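In what follows, residues are counted from 1 in the order of the sequence shown. No hydrogens, no waters, no symmetry mates; every other heavy atom, side chains included, goes into these values. What you are looking at is a predicted structure, and each value in this text was computed from that prediction instead of being measured.
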Amino acid sequence: MEGDRRARSGRAALALTEIRDVAPGLWIWRQPHPDWAPHLDWEETVTSTCVASRGEVAVIDALAPAEGPEAWARLDASPPTLALVLKPDHVRDVDVFVSRYGARGFGPRVYFRDDLPETVLEPLLPDGQELPGGLQTLYDGRSRDETPLWLPEQRALVFADGLTARAGELRVWRTPWHEQAVLPALRALLELPFELVIVAHGEPVHDRAAFERALDLPPGP
């Protein structure tokens, strides 16, 4: 779990480590997570995603950009209309984007007691729900109240924790029901014509071949 958003609010901003253009209308920024600690099973630097699609602009599992004006300048130039939370412990800074830009917030039906959004978020369900901009929720079989997203304009999948890339290699995140439930659900995603995969933890951007290889590797991290 990523930690307590309320505890994070009083901490000094950490340096932005990277801004990367991934595809037309799709970019990411990366920075250290304020609540990271060495004992956690995910890397300190995490990824936030922004996508423009069919007249909408969505930020996905986004931390407010840290020191430096470039990321905020990009966001101000194309203000987000949607702020999406893909799993209960990725609330991060959804309230900042809703407040600053008037974005519609979407997220899971349940949250952790110590990491509740102040915004009342519209439900985000892993059942093929079509969001504004044509973004579509997906099912990953993990039973974590989590949904990946399909970005049709960019032919990309975005995952919260369903896949991770510690040490740069894309892997499916371990669950007790990996063989029984997760692999069948992820293999079903191969029916989509995606070319890119974005993950929140580890090296953020991968191609379709890396996704296919991940299905044959032991789960991680």
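- Side-chain atoms of L125 and R109, non-hydrogen and from C-beta on, do get closer than 4.5 Å to each other.
- Separation of atoms CG (L186) and CG (L215) is listed at 6.0 Å; rounding is to 0.5 Å.
- Considering only heavy atoms from C-beta on, H206 stays 4.5 Å or farther from F211 through its side chain.
- When side chains are defined from C-beta on, C50 counts as touching L75, because their heavy atoms get closer than 4.5 Å.
- Using a 4.5 Å cut-off on side-chain heavy atoms (C-beta onward), I60 and I198 make no contact.
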Exercise. Checking side chain to side chain contact (heavy atoms under 4.5 Å, CB included) for the pair D127/Y139: CA distance, chi angles, key distance, verdict?
Worked result: CA-CA 6 Å; D127 59 0; Y139 176 64; over 6 Å; no
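- Proximity of a side-chain donor or acceptor of D95 to a complementary backbone N or O of T119 within less than 3.5 Å is detected.
- Within the 3.5 Å criterion, the main-chain N or O of L138 finds no donor-acceptor partner in the side chain of W150.
- Of the possible polar contacts, none joining the E56 side chain to the L135 backbone as a donor-acceptor pair under 3.5 Å is found.
- Counting heavy atoms from C-beta on, the side chains of T49 and V22 never come closer than 4.5 Å.
- Nearest heavy atom pair, residue P132 against residue R104, reads CG-NH1, 3.6 Å.
- Within a 6.0 Å radius of CD in Q180, more than 12 heavy atoms belonging to other residues, nucleotides or ligands are found.
- By the rule that hydrophobic residues join a cluster once side-chain heavy atoms approach within less than 4.5 Å of another member, V205 and L163 end up as members of separate clusters.
- Rounding to the nearest 0.5 Å gives a distance of 4.5 Å between CH2 of W173 and OG1 of T164.
- Distance check, rounded to the nearest 0.5 Å: CG of L157 to CG of D140 gives 11.0 Å.
- The shortest heavy-atom contact between A185 and G141 is CB-N, 3.6 Å.
- What you find for V94 and P117 is that their closest heavy atoms are CG1-CB, 4.1 Å.
- Hydrophobic clustering, with ILVMFWY side chains joined whenever heavy atoms are under 4.5 angstrom apart, keeps Y101 apart from V51.
- The two residues R92 and S48 come nearest to each other via the heavy atoms NH1-OG, 4.4 Å.
- Nearest heavy-atom pair, I28 versus P204, reported as atom, atom and distance to 0.1 Å: CD1-CG, 3.6 Å.
- When the options R166, K87, R171, R174 are evaluated for a salt bridge (Lys or Arg N to Asp or Glu O under 4.0 Å) with D161, the one that passes is K87.
- The hydrophobic cluster containing L26 also contains V158, counting ILVMFWY residues as joined when their side-chain heavy atoms lie under 4.5 angstrom apart, directly or transitively.
- Residues V91 and L116 are not in side-chain contact: their nearest non-hydrogen atoms beyond the backbone lie 4.5 Å or more apart.
- Minimum heavy-atom separation, V172 to A214: CG2-O, 3.9 Å.
- With hydrophobic clusters built from ILVMFWY side chains whose heavy atoms lie under 4.5 angstrom apart, V182 shares a cluster with F159.
- Here the side chains of T137 and L149 are in contact, with some heavy-atom distance below 4.5 Å.
- Figure legend: cation-pi geometry between R74 and W29 absent, as NZ or CZ is not positioned both under 6.0 Å from the six-membered ring centre and within 45° of its axis.
- At a threshold of 4.5 Å between non-hydrogen side-chain atoms, the residues L82 and F97 do not count as touching.
- Going from atom CD of E195 over to atom CD of Q154 covers 11.0 Å, rounded to the nearest 0.5 Å.
- Looking only at distances, a side-chain donor or acceptor of D61 sits under 3.5 Å from a matching main-chain atom of L86.
- Taking hydrophobic clusters as Ile, Leu, Val, Met, Phe, Trp and Tyr residues chained together by side-chain heavy-atom distances below 4.5 Å, W27 does not share a cluster with F194.
- Once rounded to the nearest 0.5 Å, the distance linking NE2 of H90 with CG of D115 reads 10.0 Å.
- From E18, atom CD reaches atom OG1 of T47 across 7.5 Å, with rounding to the nearest 0.5 Å.
- One N or O on the side chain of W177 and one on the backbone of R142 form a donor-acceptor pair closer than 3.5 Å.
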